[in-house]
Amino acid sequence: RQAADARSAEAQAQVQSLQAEVAGGSRDLAAARSDLAAERSAHRRDVEQALSLEVLFRTEQSALDEGTEQRLTQLATLVAPMTGTVVRIEGHTDARGTTDYNEQLSALRAVNVRDVLMRAGLPADRIVVNAAGESGASAPEQDVDGMAMERRVDITLVDVDSDANRVASRTEP
């Protein structure tokens with residue numbers, strides 16, 4: 001009986017030790033989840049800030065300025081580790097010019113943005129390029145500011161692993 005009591009006491013001590021380990025593991029897991037949530041939140045803020053850039057162009061131009069290239073490089077750096085995320089790039093023009101010319105210009109604008117993202121390390125298979133041309137243009141020719149906002153590239157992040165599919169986007173009017 002003494003041997004059984006000793007084994008029982010030893011088993012109870014092991015149970016208490018295991019319960020303490022489980023409790024410690026649960027605390028560690030909760031702390032890790034909290035840290036991960038904070039890191040995700042910070043990363044999302046960084047991505048949203050990177051998306052807040054305006055990719056605008058002068059009339060009949062498709063070149064990017066150095067500041068915009070730096071922000072696009074930052075965006076690529078933030079998006080690269082987000083497996084399952086695709087960057088959708090859509091080029092636009094104002095209504096001036098022929099439809100064919102505007103489609104080519106909007107495509108060139110989008111391709112220039114894509115090229116910066118690729119040089120920054122974002123794989124080509126995670127980038128989708130679309131040329132919208134003047135299809136979204138609505139500013140009258142007298143509205144110089146309105147037309148300036150139509151000469152742009154919109155960038156949208158799409159999470160292909162998610163049902164929601166849309167992570168974040170930046171679209172200028």
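Counting from 1, the numbers follow the sequence of the chain as shown.
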### Interatomic distance, Phe57 atom CZ to Asp65 atom CG [nearest 0.5 angstrom]
9.0 Å
Using distance only, find each side-chain donor-acceptor pair of residues 12-37 under 3.5 Å and give its atom names and separation, not counting sequence neighbours.
from: Ser26; atom 1: OG; to: Val22; atom 2: O; distance (Å): 3.0

### Query
Would a 4.5 Å heavy-atom cut-off, applied to side chains only, mark His92 and Glu150 as touching?
no
### Query
Which heavy-atom pair separates Ala110 from Gly91 by the least distance, and what is that distance?
CB-N, 3.8 Å
### Query
Given a cutoff of under 4.5 Å between side-chain heavy atoms of I, L, V, M, F, W and Y, with clusters grown through shared members, what are the other residues clustered with Leu105?
Tyr101
For residues 133-149, please give each side-chain donor-acceptor pair under 3.5 Å, one per line with the distance, not counting sequence neighbours.
from: Glu134; atom 1: OE1; to: Asn102; atom 2: ND2; distance (Å): 2.4
from: Ser135; atom 1: OG; to: Ala132; atom 2: O; distance (Å): 2.8
from: Asp143; atom 1: OD1; to: Gly146; atom 2: N; distance (Å): 2.9

Using a 3.5 Å cut-off and no angle test, enumerate the donor-acceptor pairs between side-chain atoms of residues 124-131 and protein atoms at least two apart in sequence or in another chain.
from: Arg126; atom 1: NE; to: Thr85; atom 2: O; distance (Å): 2.9
from: Arg126; atom 1: NH1; to: Ala80; atom 2: O; distance (Å): 2.8
from: Arg126; atom 1: NH2; to: Val79; atom 2: O; distance (Å): 3.0
from: Arg126; atom 1: NH2; to: Met82; atom 2: O; distance (Å): 2.8
from: Arg126; atom 1: NH2; to: Thr85; atom 2: O; distance (Å): 3.0
from: Asn130; atom 1: ND2; to: Glu90; atom 2: OE2; distance (Å): 2.7

### Query
Val153 and Leu56: side-chain contact (heavy atoms from CB on, under 4.5 Å), yes or no, with the steps?
CA-CA 7 Å; Val153 167; Leu56 301 174; over 6 Å; no
#### Entry: Min side-chain heavy-atom separation Arg152-Val55 under 4.5 Å
no
### Query
Are side-chain heavy atoms of Leu157 and Val86 found at a separation under 4.5 Å?
no
### Task
Can you measure from CG (Asp154) to CD (Glu54) and round to the nearest 0.5 angstrom?
11.0 Å
#### Entry: From Gln61 atom CD to Asn112 atom CG, the distance as rounded to the nearest 0.5 Å
11.0 Å
### Task
Please assess Thr156 against Val158 for the test side-chain contact (heavy atoms from CB on, under 4.5 Å), listing each intermediate value before the final yes or no.
CA-CA 6 Å; Thr156 305; Val158 180; 4.3 Å; yes
## Note on the structure
Interatomic distance, OG1@Thr77 vs CG@Leu117, rounded to 0.5 Å, equals 9.5 Å
### Query
How long is the gap from CZ on Arg7 to CD on Gln2, to the nearest 0.5 Å?
12.0 Å
### Summary
In short, Val116 meets Leu72 closest at the heavy-atom pair CG1-CB, 3.6 Å
### Query
Pairs in or reaching into residues 93-105: which pass salt bridge (Lys or Arg N to Asp or Glu O under 4.0 Å), with residues at least two apart or in two chains?
Asp94-Arg96, Asp94-Arg151
### Message
For a 4.5 angstrom cut-off between non-hydrogen side-chain atoms, does Ile89 reach Val87?
### Response
yes
#### Entry: For Arg109, salt bridge (Lys or Arg N to Asp or Glu O under 4.0 Å) partners two or more places apart
none
